[in-house]
Structure formats: structure tokens, C-alpha cells
There are 2 protein chains.
Amino acid sequence: MYSGKIKLAIVDDHPMILEGLKSLLQSETRLEIFTFTKGEAFLDFIRGNIVDMVLLDIVLNDGSGLNFCKTIKKNWPKTIVIGISNQAERSIIFQFIQNGANGYILKNADAQEIIDCIHDALNGKIAFSEEVQQIILSQPHDALEIPKLTKREKQILTSISSGYTTPQIAEMLFVSPMTIETHRRNLLQKFKAKNMIELVRIATEYKLL
Amino acid sequence: MYSGKIKLAIVDDHPMILEGLKSLLQSETRLEIFTFTKGEAFLDFIRGNIVDMVLLDIVLNDGSGLNFCKTIKKNWPKTIVIGISNQAERSIIFQFIQNGANGYILKNADAQEIIDCIHDALNGKIAFSEEVQQIILSQPHDALEIPKLTKREKQILTSISSGYTTPQIAEMLFVSPMTIETHRRNLLQKFKAKNMIELVRIATEYKLL
DNA sequence: TTTATTCTACCAGTTTACCGGGATATTTCA
DNA sequence: TGAAATATCCCGGTAAACTGGTAGAATAAA
């Protein structure tokens, strides 16, 4: 399938990580490595070149990394995308895979793990680093799904987390306090939280705030 | 001062970062580099060897990195300690410096910045990467100091953030609900927060939870 | 051994949050 | 176009949170 050199792009805004990965992959002579510190620079590159594989830094769960992955997969479906992240949460990993990614590596992985993952992915497998696999295997049927919030709910949750009370938020949004109360209840249900305090902590952990 | 080779230790549990730093510092022939993925392994090493400088990964604000810095400075005060972190918050940087560190570098720094910092530190200066300097210069007198919490306050805050109510926490700790109420008020004052919801968000941002 | 901090505890009162039920518009999207 | 999803609104009730002020013990630090 990959007869000649394999073109591997690494996108990460940390020069240290970039250098580290390059160094760890030096021994792999089949790889031709291109590095980018900006997503835009990479997009410019892939528009004019074939890229077999991308190692993509996933910083936040705000969707920036996720959307970037989507964009790549939509326009260049043959390009293999592997996420690299510090985020070790099961649900985040799944989200990423569900958006078309071919693998997920934690930043604390060592050289051999990374190389194995790249080989696996090139062979059409879904590639996970060891710790990621353990995370997936644990919690067989996790109850820890990231709740999907509507625009209004996000807006209200943000206000709540800033310390505003129901009457205050109602006034800000020109709606009845009763409406805000309803949204609060829906939020509590979605997060299965005991109260808004716990909810805000959970939402922050999920990087929703 | 440093006539022969300079012994530089790098402590970071991410092999990628370790490799990256090593690679970025390759051109510096005066440096003799030792890498460690565990803090304990480094302590074993420094007990039997002279170490001129340590690049120390600071993961959390829970004090683990901070205490490690303290330990080194207490027992080997001549060893130069430079923190490496993703934490870009002013107060955290100051905390680190106040604990004896000689410099602070953000992980998104490039090769030249890092090398400059190392040279500066070897010359007795306090070394900051560019972005760190900007952070320090901005916010001339920030109101964003991290409140210092007592053991009891931390304990209670943790319970609150888990969704427990005042009566519940009182029962768990075998004290009067009134006591918990008092602690709540002290916490709100320390954080200058409107209510516990906002407080939990702030505390999470400061990595206190 | 003082001083300072921390932990403890109380009363009274107002506001807000949460829970149990509802109901009716307005979008969104298949 | 029609079923979902979303956003809006209401009542009544209980529990909890927050605000005001106050103050005696137990520790820790000077």
C-alpha cells in the first residue's frame, strides 16, 4: 500500500513536542516527516501535497482539535489522523474516534508505543497507546458521557458558573425566571449532578466551560 | 564558573518532551544531559553526582512540583532549577520563583528561547521565556492572587464541590452545620466570589480541586 | 509566653435553589 | 409537512444558601 516514503505530518504548537516526536521517529527511515506549529500552515501544505498520516495535537475539548480532524477527514479521507493529547478521559477519546480519527496517543507514551501505533494505523488498524487502551478497557459501560448541551443551555450555564443567580440571568436574557429554573433542572438531569456546584465542577473537568 | 561540561538534568514524565529538549539542546556541546522520567530517579542521581542545572516539569499546582523544587534547593542550593510548564498563570509563576527556582519556561517556547534561558541562568540571572516575561509584565498589579486555604478549608471545599450540602458535610466531619457555614463564608471572602458556584469554577481554574 | 491563626459555634433573617408536578409555543430537521 | 427537539412559562412547597454580627477554644508561630 505504501510503497515509497510515507509522508508524515506533525501538527503541534509546542516546538519541544515537535522535536521530541521527530527525534523519536528518526530511526524509522521509511518516514518523511514534516512539522507544523500552526494548523493553517498544515492545511496549506496538504492542499498541495499528499499526506499519508497526521499526528495532531489535541489541546482542548472545545472542538478546535475535533473540528480540525473533521476537516481533514472530509477533504482528504485517505489521510490517517492520529490524535496526540494529554486528555486521558474515555469520553474524549471516543469523541475523537467517532469523528473519524484513526488513533489516539497520550503524550506520556514512549518511543516504541508511538512507532507501534504508526505501524498499526498504516496497516488499517485503529491505533491506541497502551494507557489509552487501558482507559478504554476500564469502565466497561461508562456512565460518564459528556452531556450534549444546547446553545441556550451553554449560555445559561456560563452565566451560572460566573456566579449569577436565576433572577439575574432572567433579567439579562429578557425571559422569565421560571424559564431559567427549567433550564437549570434540565442541566442537572443531563449531568446527573446533585446541585449546580457539582455540575460546574464536572463541566469544568469536561472542558465545557 | 562552569569550566568543564555543564551537567544538565531534565525531569519530565513525558518521553516526547524529554527527547524534544534533548534534541533542541544538541547543538550546545558544553552540556552533558541526563534525563529522568521519575522525580525519585533524579533524586537518587543527585545524591551521588553534582548537577549544575535541572529543567523540572511542573504539572500541577498541587505542590508536587513546588515541593520538589524546594527539596532540591534545600539540599543542593547551588543547583539551578528551571521550571518547565504549560501553566501560564502569573501567580503560579511567582509561587515557583518564590520557592527558589531560577527560571520558568513555557512548553511552547522554541529552541533559541530555551538556550537563552539556560545561558542566562548559568550567568546567575533569573531566566524567563518570552511569553512568561510578557505575562509578568502584563497585569501590573493583578487581583488574581491564589487564595491560601487551610487544611480544613480545602477539605470542606472538596466536599462542597462534590455536591454535598452543609448539613451533609457537618455530619461527615462530626461538627456543627454552623461551623461549615462559617467556613463557607470565609471561603467566599477569600475568593471574592459571589457564591459557591463561582468559587468552584475559580478554584478549578487555579487547579485547587 | 504572648500573639496570631485556625477551628469551632451560635442567632436571626432574606434570598435562592431545588423538586414535584405540569403546559404551550417555536425551531429544526428528516 | 410532521414529528422531535428546544425554549418558553406557571404553581406550590421544602431545603439550602447567603448575609449580618459575635465569640469562645484550640493550635501554631513568634
Side-chain angles (χ1 to χ4, degrees), chain A residues 63 67 70 74 95 98-99 145-204 206 208-209, chain B residues 63 67 70 74 95 98-99 145-204 206 208-209:
Chain A
N67 289 331
K70 270 191 211 172
K74 189 176 168 187
Q95 260 191 338
Q98 273 163 7
N99 275 95
E145 282 307 308
I146 292 187
K148 282 163 197 159
L149 303 185
T150 66
K151 284 180 188 173
R152 203 55 158 174
E153 284 169 343
K154 276 183 192 167
Q155 187 181 23
I156 291 170
L157 178 53
T158 304
S159 298
I160 292 173
S161 75
S162 296
Y164 294 109
T165 65
T166 295
Q168 286 172 334
I169 298 169
E171 206 174 344
M172 290 191 284
L173 300 183
F174 304 108
V175 293
S176 162
M178 305 293 193
T179 305
I180 307 297
E181 288 275 336
T182 305
H183 282 297
R184 288 184 95 111
R185 267 188 294 177
N186 292 339
L187 282 166
L188 285 176
Q189 277 194 345
K190 283 191 180 182
F191 280 87
K192 289 165 191 158
K194 291 193 275 291
N195 54 36
M196 272 298 157
I197 296 175
E198 186 188 16
L199 195 153
V200 165
R201 186 184 54 78
I202 296 171
T204 314
Y206 287 165
L208 294 176
L209 282 177
Chain B
N67 289 331
K70 268 190 211 174
K74 189 176 168 187
Q95 259 190 337
Q98 273 163 7
N99 274 97
E145 283 306 308
I146 293 186
K148 282 164 197 159
L149 303 185
T150 66
K151 285 181 188 174
R152 203 57 158 173
E153 283 169 343
K154 275 183 192 168
Q155 187 181 23
I156 290 170
L157 178 53
T158 304
S159 298
I160 292 173
S161 75
S162 297
Y164 294 108
T165 66
T166 294
Q168 286 173 333
I169 298 168
E171 205 174 347
M172 290 190 285
L173 301 182
F174 304 107
V175 293
S176 161
M178 306 293 195
T179 305
I180 307 297
E181 288 277 335
T182 305
H183 283 299
R184 287 185 97 110
R185 267 190 295 179
N186 293 338
L187 283 166
L188 286 176
Q189 278 193 345
K190 283 191 180 181
F191 280 88
K192 288 164 192 161
K194 291 194 273 292
N195 54 36
M196 273 297 157
I197 296 176
E198 186 189 16
L199 195 155
V200 165
R201 186 184 54 77
I202 296 172
T204 315
Y206 286 165
L208 293 177
L209 284 176

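Order of the sequence lines sets the chain letters (A, B, ...), proteins ahead of strands, with each chain counted from 1. Keep in mind that this is a model prediction, so the values were computed, not measured.
Rounded to a whole Å, the CZ atom of R185(A) is 11 Å from the P atom of dC18(C). One interatomic measurement links the two molecules: CD of Q189(A) to P of dA17(C), which rounds to 18 Å at whole-angstrom precision. Rounded to a whole Å, the CE atom of M178(B) is 8 Å from the C1' atom of dA9(C).
Using modelled atom types, one side-chain atom of N195(A) and one backbone atom of E198(A) make a donor-acceptor pair closer than 3.5 Å.
You'll find the side chain of T204(B) stays beyond 4.5 Å of the side chain of V200(A), heavy atoms only. At a threshold of 4.5 Å between non-hydrogen side-chain atoms, the residues L157(A) and L199(A) count as touching. Contact of the R152(B) side chain with the Q155(B) side chain is registered, since non-hydrogen atoms from C-beta on lie closer than 4.5 Å.
The base of dC9(D) lies close enough to the side chain of T182(A) for a donor and an acceptor atom to sit less than 3.5 Å apart.
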Could you go over nucleotides 26-30 of chain C and give all protein N or O partners under 3.5 Å, atom names and distances?
none

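At the heavy-atom level, N186(A) lies nowhere under 4.0 Å from the strands shown.
Put simply, T150(A) has no side-chain N or O that comes within less than 4.0 Å of OP1 or OP2 on dT6(D). Note on T165(B): every side-chain N or O is 4.0 Å or more away from OP1 and OP2 of dA15(D).
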